[in-house]
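First comes the structure, then the notes that go with it.
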Amino acid sequence: MRAAALYSAAGAMLLTTLSAAPAGSTGAAVPGADERHGTAVAVARAKAAGLTFGSCPKERELPDHVKCGTVSVPLDYAHPDGKQIKLTVSRVRATHKDPHNSKRRVPSQGALVYNPGGPGASSLHFPLIGVLPAWKRLAGAYDLVGYAPRGVGPSAPLSCQDPKHSIKGPTQAPTYPSEAYKKERIARAKAYARGCAQRTGSALRHYNSLNNARDLDVLRAALGQEKLTFMGASYGTYFGAVYATLFPSHVRRMVFDSAVNPDPAQVWYRNNLAQSAAFEGRWEDFREWVAKHHDVYGLGDTSEEVMRNYDKVRARLAVKPAGGKIGTGQLQEAFLRAGYYDDYWPARAKALSAYLKGDPKPLVELAAPVTEAAAEDENSSAVYTAVECNDAPWPTDWAVWDRDNTRLARVAPFETWDNVWMNLPCAYWQAPRQEPLDVRTGPGEVPPILILAAERDAATPYEGALEMHRRLAGSVLVTERDAGTHGIAYGPNACVNGHLDAYLLEGRLPARRAACEGHPEPKPERPGDREAKKLRQQSETNPGGRPQDVAAARLPH
């Protein structure tokens with residue numbers, strides 16, 4: 001497809017001409033002896049104390065059969081006897097039921113711990129997923145365990161600004177920002193970074209991927225597991241790989257779904273450039289799908305015509321926000337989600353079509369800010385920013401950001417500048433930066449790890465999965481061909497799910513690499529189509545049964 005050529009040729013070629021690594025990068029980090037000793041102390045304590053489960057906090061709104069507990073971890077692993085923070089953990093015990101044979105009792109395989117990514121996402125709701133058909137076999141064999149990582153929700157929550165400032169509308173999101181707009185966003189980024197430092201103080205530096213991996217080992221011990229069975233999506237694949245590098249002898253089975261590129265030179269500045277380039281291809285996929293269904297939506301029978309109609313909507317919203325709430329910023333966020341999940345495509349195409357015909361209601365319903373989620377979203381954004389800014393060096397000169405992203409926006413305008421504004425506080429960060437760990441395992445150091453990737457995933461471009469596969473000796477890569485959904489575990493692809501079941505339930509893996517044909521494209525929602533409306537509502541609530549949609553309140557990285 002043309003979109004694939006855009007990313008692999010123009011986008012990738014441009015990325016190679018941009019800064020090779022952020023200023024100050026001198027090589028990959030080697031964790032110190034103090035942190036190793038502190039982790040061993042915390043793990044021993046957690047193993048001795050165990051984890052007591054009872055009722056979950058009411059504000060989590062979890063049903064009674066989900067049980068919760070807390071595990072203590074050091075804020076600073078170099079000082080394990082210093083300040084402790086508590087991570088909230090949720091669990092549903094294995095059912096021991098075989099959904100295909102009611103007379104068979106399924107033996108326990110221990111705990112399966114899940115992280116949905118972010119950084120900044122919680123998996124406290126993850127154990128609920130065991131009732132979905134695709135997950136019932138796993139739920140029979142494993143205790144399903146979710147948790148809120150450090151900084152998230154009830155686990156020593158971070159905050160960088162008053163939540164009332166985090167969700168508001170309407171806002172603007174210019175594709176090609178003016179110099180005046182850039183200056184405004186620079187000022188906002190500086191203020192945000194300053195707020196993170198003022199609200200958290202010296203503790204801010206301890207919210208990072210290395211500590212997330214150490215926390216995971218403490219959680220393993222508290223659960224009474226000698227070895228860890230883990231599934232991570234998106235960012236969860238990165239600190240899962242950090243875990244495998246730090247604690248190879250503690251790994252039982254690991255699934256990395258939609259893998260982040262772990263190359264230290266990519267973390268995180270260049271990973272975000274690659275993400276912006278890849279989103280252009282996925283945006284093209286969406287427009288081509290809409291063009292195929294011109295008879296339903298009337299938005300044009302070519303990708304270019306669909307783009308012109310989208311630009312019409314942007315131009316009108318810039319002058320007069322829909323419902324007083326939806327500006328170009330809200331439009332951008334709503335359609336960015338279409339780059340993550342193709343089962344969101346019908347609702348967005350319908351909303352565009354209705355707006356251009358004089359009915360703004362579907363667009364307002366789709367894109368309006370959810371004020372009730374302001375505190376949760378602010379917390380999630382604070383953790384995202386803290387982890388990414390702490391994990392690695394970032395350019396501290398605005399001229400570098402401006403140069404790299406101005407060039408990239410010439411071929412990939414859809415997401416480039418919005419991605420800049422999301423990450424720009426890292427240019428002005430007031431906590432010390434780490435050097436990223438050189439994620440790598442040698443032959444036989446860890447059991448084989450299963451990596452899942454969609455070939456056209458924009459949030460975590462496919463090159464990241466290839467790099468992860470190269471760095472983890474003995475790993476197996478399963479690719480969903482010509483598909484771009486972000487997070488494919490137990491989605492609509494039976495081939496992918498078959499590999500997952502074989503691995504997690506029986507320890508069986510395919511050859512070093514395997515491929516599955518992509519799942520079918522979504523069907524358009526025609527006016528008056530009640531069944532399509534029902535499916536759309538289900539997909540918006542929990543698209544394809546993906547665990548990150550049960551577990552996370554924000555877009556994964």
Between Glu445 (side chain only) and Gly442 (backbone N and O only), is there a donor and an acceptor less than 3.5 Å apart? yes

Between OG1 of Thr485 and CG of Asp342, what distance do you get to the nearest 0.5 Å? 3.5 Å

I'd like to know if the side chain of Asn493 and the backbone of Ile488 have a donor-acceptor N/O pair within less than 3.5 Å. no

Hey, what do you get for OG (Ser475) to CG (Leu509), rounding to the nearest 0.5 Å? 9.5 Å

Begin from the C-alpha positions of Asn212 and Val387 and carry the test side-chain contact (heavy atoms from CB on, under 4.5 Å) through to its verdict. CA-CA 9 Å; Asn212 283 339; Val387 171; 4.2 Å; yes

Is it the case that the ring center of Tyr310 lies less than 6.0 angstrom away from the ring center of Phe335? yes

The residue among Asp215, Thr39, Asn211 that forms side-chain hydrogen bond (donor to acceptor under 3.5 Å, both in side chains) with Tyr77 is Asp215

Would a distance-only check, ignoring hydrogens and angles, find a side-chain to backbone donor-acceptor pair under 3.5 Å from Ser155 to Arg150? no

Electrostatic pair Asp263-Arg270, nearest N-O below 4.0 angstrom: no

Can you give me the closest heavy-atom contact between Leu246 and Ala213, atom names plus distance? CD1-CB, 4.3 Å

Less than 4.5 Å apart, any side-chain heavy atom of Leu472 and any of Val446? no

Does either side chain, that of Ser303 or that of Glu284, offer a donor lying less than 3.5 Å from an acceptor on the other one? yes

Mind running side-chain contact (heavy atoms from CB on, under 4.5 Å) on Thr229 and Met254 for me, showing each step along the way? CA-CA 6 Å; Thr229 304; Met254 300 186 100; over 6 Å; no

How many angstroms lie between atom CZ of Arg433 and atom CD of Glu388, to the nearest 0.5 angstrom? 12.0 Å

For the residue pair Pro436 and Pro264, what are the closest heavy atoms and their distance? CG-O, 3.7 Å

Whether Asp257 side chain and Ala489 backbone form a donor-acceptor pair below 3.5 Å: yes

Exactly one of Leu216, Leu112, Val251, Leu219 should register a side chain to side chain contact (heavy atoms under 4.5 Å, CB included) with Leu228. Which one does? Leu216

Residues His206 and Asn390: side-chain donor-acceptor under 3.5 angstrom: no

Any donor-acceptor pair under 3.5 Å linking the side chain of Tyr503 with the backbone of Pro448? yes

Would you confirm whether Thr70, through its side chain, and Leu87, through its main-chain N or O, come within 3.5 Å as a donor-acceptor pair? no

Candidate list Arg252, Arg220, Lys47, test salt bridge (charged side-chain N to carboxylate O under 4.0 Å, His left out), partner Glu226, passing option: Lys47

Any donor-acceptor N or O pair under 3.5 Å, side chains Asp391, Tyr207: no

Side chains of Asp457 and Tyr462: is there a donor and an acceptor less than 3.5 Å apart? no

If you draw a 6.0 Å radius around CD in Glu61, do more than 12 non-hydrogen atoms from other residues or ligands fall strictly inside? no

Is a side-chain N or O of Ser258 found less than 3.5 angstrom from the main chain of Gly487, in a donor-acceptor match? yes

So, Tyr340 versus Phe279, ring centres under 6.0 angstrom or not? yes

Steps toward side-chain contact (heavy atoms from CB on, under 4.5 Å) verdict (Glu415, Leu336): CA-CA 8 Å; Glu415 171 61 2; Leu336 178 64; 3.7 Å; yes

Hey, is NZ on Lys67 packed in by over 12 heavy atoms from elsewhere, all under 6.0 Å? yes

Pair Lys350 + Glu525: basic N to acidic O under 4.0 Å: yes

Distance only, no hydrogens: is a donor on one side chain within 3.5 Å (strictly under) of an acceptor on the other, for Asn272 and Asn423? yes

Return the set of residues passing side-chain contact (heavy atoms from CB on, under 4.5 Å) with Asp98 (not counting sequence neighbours), or none when no residue passes. His100, Asn101, Arg104, Val106

Side chains of Thr460 and Tyr235: is there a donor and an acceptor less than 3.5 Å apart? no

Looking at Phe53, does the NZ or CZ of Arg91 lie under 6.0 angstrom from its six-membered ring centre and within 45 degrees of the ring axis? yes

Please check this pair: side chain of Glu480 against backbone of Val496, looking for a donor-acceptor N/O pair closer than 3.5 Å. no

Shortest non-hydrogen contact between Pro492 and His519, atoms and distance: CG-CG, 3.8 Å

What one should report as the nearest heavy-atom pair of Arg471 and Pro262 is CD-CG, 3.7 Å

Could you check whether Gln266 and Glu467, counting side-chain N and O atoms only, form a donor-acceptor pair closer than 3.5 Å? no

Can you check whether Ala233's main-chain N or O pairs, donor with acceptor, with Thr237's side chain at less than 3.5 Å? no

Check whether any side-chain heavy atom of Leu210 lies under 4.5 Å from a side-chain heavy atom of Val242, and answer yes or no. yes

Derivation and outcome, side-chain contact (heavy atoms from CB on, under 4.5 Å), residues Tyr238 and Ser209: CA-CA 8 Å; Tyr238 175 69; Ser209 293; 3.6 Å; yes

As a test of understanding, state which of Tyr490, Tyr142, Trp135 forms a ring pair (Phe, Tyr, Trp, His ring centres under 6.0 Å) with Phe126. Trp135

Compute the ring centroids of Tyr384 and Trp268, then answer whether they are less than 6.0 Å apart. no

Where Glu506 and Arg253 come nearest, the two heavy atoms and their spacing: C-NH2, 4.0 Å

Derivation and outcome, salt bridge (charged side-chain N to carboxylate O under 4.0 Å, His left out), residues Arg214 and Asp217: CA-CA 5 Å; Arg214 293 170 182 134; Asp217 204 46; over 6 Å; no

Relative to each other, are the rings of Trp289 and Phe286 parallel, tilted or perpendicular (30° and 60° limits)? parallel

Under a 3.5 Å distance rule, please check whether Trp345 uses its side chain to pair with a backbone N or O of Ala338 as donor and acceptor. yes

Asn419 side, atom CG; Phe414 side, atom CZ - distance, nearest 0.5 Å: 11.0 Å

Report yes or no: do Asn115 and Ser123 form a side-chain donor-acceptor pair below 3.5 Å? no

Does the distance from a Lys or Arg side-chain N to an Asp or Glu carboxylate O, for Arg470 and Glu463, drop under 4.0 Å? yes

Nearest heavy-atom contact between Pro127 and Leu144 is CG-O, 3.4 Å

Reported CG-to-CG distance for the pair Leu132 and Leu138, which is rounded to 0.5 angstrom: 11.5 Å

Is it the case that Asn405 and Thr416 place a side-chain donor and acceptor less than 3.5 Å from each other? no

When rounded to the nearest 0.5 angstrom, what distance separates CG in Asn497 from SG in Cys516? 9.0 Å

